Protein chains: 2
Amino acid sequence: MGAALTEKQNRVLKFIAQRIWREKGAPTIREIAQHFKFSSTGTVRDYLRVLQKKGYIKLAKKKSRAIELINEKLLQIPVLAQICAGTPTLTYEDIEGYLDLERILFQDDQIFALRVKGESMIEAGIMPDDLVLVRRQLLCENGDVIVAFIDGEATVKYFRQRKNKVFLEPANKGYKPILIDKDTFSVIGKVISVVRRYV
Amino acid sequence: MGAALTEKQNRVLKFIAQRIWREKGAPTIREIAQHFKFSSTGTVRDYLRVLQKKGYIKLAKKKSRAIELINEKLLQIPVLAQICAGTPTLTYEDIEGYLDLERILFQDDQIFALRVKGESMIEAGIMPDDLVLVRRQLLCENGDVIVAFIDGEATVKYFRQRKNKVFLEPANKGYKPILIDKDTFSVIGKVISVVRRYV
DNA sequence: ATGTATACCACACAAATGTGTGGGTGTCAA
DNA sequence: TTGACACCCACACATTTGTGTGGTATACAT
């Protein structure tokens, strides 16, 4: 799809993506120049042309803030409060809030998603093929759902700490908790969300 | 939060929101004018001022496309392929794809989210307090997870059809399938996704 | 009668913004 | 040594774009 980027080109692309996802919209050429301390708008335009040629962005002519990311995706979903009360018309007056996943984005790639394999967490509602959103962190608290490396495999489990002993506990009666030697396993991160999609 | 909007004000706001979420970014004043066939930019500016005063948007001065929605949220999450194979470094070369929830957005408000109450679908991995994303549709296929109205309550169940009979089947051994009279219940929509968040 | 709000218009102006021209330095492969 | 690239600069220019001024018409409440 896209040719390889140099370090600097990648930094420019990342900056644009951040602005598009976190801030209001795409930056102007001069805003990019200011951020990278370029004293010429031509410099930025050269970068944009390269990024476009390599297939990472699309530019529109003579329009302001007209940088479009290839593979850009957006999400905003209204969250309705529980509607069991009984109004048969679902209006947006019932909106409870919004899915706010914006903050977990782009914090230096500290967040990623994993596809779940196996049924060890099935009783916690984490099914095979679900996606878990993982925030990379080394420390975790008792009861957290975490992703850890054991024997070269990434697994999703409960983190349990009892009297100096650390267990990785599945949520499936058919599986047994794993007693862990603190030195031989490593925590990848904490599961902060589960996403499942039906066809 | 926000005062009531008139019909036309609401249409302008919806147009802006659509452009921000589906298209590249916020429209310019003249783009809005063109869409609504206003021959004056001042007309649009009046609308923007009203929308801002009523608390639906925020405007920045002397910036192009600087319309910001209150409660705007964005999402894009890289989806890593299952990494059980064993590389201890999670690189973005493992990206399997992207959570693509963009398409389900703003198709005339056909999608909304519901917070789950009760444990009737617990064996399908749908837990209390989960959010289910629902696409509004009246028809559904055998085996779909749907949201239906029964007795003034919205419930999440499997849709089962056997020999002219329609059942709403829970995923919980403690609950029994509900035989439904086709005429007295109504399907709200199909569950297309489940989202759960941990603290 | 007066004020306030909605819903438009025309026109002008300055700032913001994209674009063009014409440079420069270095690196690296042909 | 020539060319292609990455990586910068200065400066000018035309268009886009936000903003301001000053209108018109209707409706509605005080």
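So that the names make sense, note that chain A is the first sequence line, chain B the second, and so on, each numbered from 1. Quick caveat, the model's predicted, so the values are computed rather than measured.
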Between B/Ile32 and B/Arg19, is there a side-chain heavy-atom distance shorter than 4.5 Å?
no
Compare all side-chain heavy atoms of B/Thr155 with those of B/Val147 and state whether any distance is below 4.5 angstrom.
no
DNA chain D nearest-nucleotide lookup for A/Glu7 and B/Gly42: closer to the 5′ end is A/Glu7
Any side-chain N or O of [X] below 4.0 angstrom from OP1/OP2 of [N]?
X	N	value
B/Lys8	C/dC8	yes
B/Thr6	C/dA7	yes
B/Tyr47	C/dT6	no
B/Lys37	C/dA7	no
B/Ser64	C/dT17	yes
A/Lys62	C/dA16	no
B/Arg30	D/dT16	no

Show your working on ring-ring contact (aromatic ring centres under 6.0 Å, His included) between B/Tyr47 and B/Phe36 and close with a plain yes or no.
CA-CA 12 Å; B/Tyr47 273 106; B/Phe36 288 102; 7.5 Å; no
Could you state the atom-to-atom distance from [atom1] of [X] to [atom2] of [N] in whole Å?
X	N	atom1	atom2	result
A/Asp46	D/dA4	CG	P	16 Å
A/Lys63	C/dT19	NZ	P	12 Å
A/Leu48	C/dG20	CG	P	13 Å
A/Ile29	D/dC11	CD1	P	18 Å
B/Lys61	D/dT17	NZ	C1'	17 Å
B/Arg65	D/dT19	CZ	C1'	17 Å
B/Leu5	C/dA5	CG	C1'	14 Å
A/Gln52	D/dA6	CD	P	14 Å

Please say whether more than 12 non-hydrogen atoms of neighbouring residues, nucleotides or ligands are located less than 6.0 Å from CG in B/Leu179.
yes
Test for a donor-acceptor pair under 3.5 Å between the base of [N] and the side chain of [X], counting only N and O atoms.
X	N	result
A/Ser40	D/dA10	yes
A/Thr41	C/dT19	yes
A/Arg45	C/dG18	no

Among [options], find the nucleotide with the atom closest to the side chain of [X].
X	options	answer
A/Thr43	C/dA10, C/dC8, D/dC9	D/dC9
A/Arg49	C/dT6, C/dG20, D/dC8	C/dG20
B/Ser39	C/dA7, D/dC8, C/dC9	C/dC9

How many angstroms lie between CZ in A/Arg65 and CD1 in A/Ile20, if you round to the nearest 0.5 Å?
11.0 Å
Hey, quick one: are A/Val194 and B/Ile122 part of the same hydrophobic cluster, counting side-chain heavy atoms closer than 4.5 Å, chains of contacts allowed?
no
